[in-house]
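Worksheet for the structure shown next.
Below, all heavy atoms of this structure are taken into account, side chains as well, without hydrogens, waters or symmetry copies.
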Amino acid sequence: MIELKKFLVENGALFTPASEDDILALERDVNFPVSEDYKFYLKEFGTILFKDRETYGLGVPETYYLNVLHAYQALQRVPEFPGTMLPLAGSGDGAWYLYDNEERKVFSWQIAGIAENIEKSMLDFLQFFLGLA
C-alpha cells in the first residue's frame, strides 16, 4: 500500500488520513472492530480523491458524503445491508463496493440485497478501482 500511496501522491491524488481516535470512534459507532487492513487504509489514506474516483473513509466532516460512518448509517437502513461491511466506493451504476471486515475482502453490493465477492483484497481493489490494474 505504501507504493500505491507514493504513486498516487506523485500523480496528484488527495487524501484525508484518519487519526487513531477517529478509528476508535468509528469502531464504537458501528459496534464492531475493523480489520488491520482497513485501519491501515484509514490511517494512510482516510479517503482518496484521484481523477474522477473517490473512496469513502475518515478524515472528513461527519456529515460529508465521503465519511464512511455517514454512508454506513444511511445504507444500514436497508434491511438487506450486510452487517460488518463498510462502504469503500460507489460503482457508478447504483451498486456499492463494500469491505467485509471479517473476511477481509471487497464485495459488490446492490440495494436489492445481492452481495458478490469480487475476489479482491483492499490493495487489489484500490488498484482496480483507481484504474491502475
Practice task
Could you check Y56 against W96 for ring-ring contact (aromatic ring centres under 6.0 Å, His included), going step by step and ending with a plain yes or no?
Solution key: CA-CA 11 Å; Y56 291 87; W96 292 79; 5.5 Å; yes
For residues 4-13, which side-chain donor-acceptor pairs fall under 3.5 Å, sequence neighbours excluded?
residue : atom : partner : partner atom : Å
K5      : NZ   : E44     : O            : 2.8
K5      : NZ   : E44     : OE1          : 3.4
N11     : ND2  : F7      : O            : 2.8

Problem - Plane angle bin for Y72 and F32 - parallel if under 30°, tilted between 30 and 60°, otherwise perpendicular - result: perpendicular
Practice task
Could you walk me through whether L98 and L88 pass side-chain contact (heavy atoms from CB on, under 4.5 Å), step by step?
Solution key: CA-CA 5 Å; L98 305 176; L88 271 177; over 6 Å; no
Exercise for the section: I would like to know whether M1 and M122 meet side-chain contact (heavy atoms from CB on, under 4.5 Å); could you show each step before the answer? Expected result: CA-CA 9 Å; M1 284 246 227; M122 175 71 77; 3.3 Å; yes
Exercise for the section: State whether the side chain of N101 and the backbone N or O of S35 hold a donor-acceptor pair below 3.5 Å, judged by distance alone. Expected result: yes
Practice task
Mind running side-chain contact (heavy atoms from CB on, under 4.5 Å) on L26 and L42 for me, showing each step along the way?
Solution key: CA-CA 11 Å; L26 174 67; L42 292 173; 4.0 Å; yes
Practice task
Quickly, which of K120, K43, R104 forms a salt bridge (charged side-chain N to carboxylate O under 4.0 Å, His left out) with D37? Name it, please.
Solution key: R104
Problem - Separation between OG of S121 and CZ of F128, rounded to the nearest 0.5 Å - result: 12.5 Å
Practice task
Begin with the C-alpha distance, continue with both residues' side-chain angles, and end with the deciding distance and a verdict on ring-ring contact (aromatic ring centres under 6.0 Å, His included) for F45 and F40.
Solution key: CA-CA 8 Å; F45 300 106; F40 187 82; 7.6 Å; no
Problem - Which atom of I23 lies closest to which atom of A18, heavy atoms considered - result: CG1-CB, 4.3 Å
Handout entry: Heavy-atom pair of closest approach, residues V34 and E27
Key = N-OE2, 2.9 Å
Problem - Test side chain to side chain donor-acceptor pair (under 3.5 Å) applied to R53 - qualifying residues, sequence neighbours left out - result: none
Problem - Residue that, paired with Y99, satisfies ring pair (Phe, Tyr, Trp, His ring centres under 6.0 Å) out of F129, F107, Y38 - result: Y38
Handout entry: Joint cluster assignment, F15 & L132, ILVMFWY side-chain distance < 4.5 Å
Key = yes
Counting only pairs under 3.5 Å, give me each side-chain donor-acceptor contact of residues 58-68, with atom names and distances, residues two or more places apart or in other chains.
residue : atom : partner : partner atom : Å
Y65     : OH   : E54     : OE1          : 2.9
Y65     : OH   : E54     : OE2          : 2.8
N67     : OD1  : L69     : N            : 2.8
N67     : OD1  : H70     : N            : 3.1
N67     : ND2  : V60     : O            : 3.4
N67     : ND2  : P61     : O            : 3.4

Practice task
Taking the six-membered ring for Trp and the full ring for Phe, Tyr or His, determine whether the centres of Y97 and W109 are under 6.0 Å apart.
Solution key: no
Handout entry: Any donor-acceptor N or O pair under 3.5 Å, side chains T55, T47
Key = no
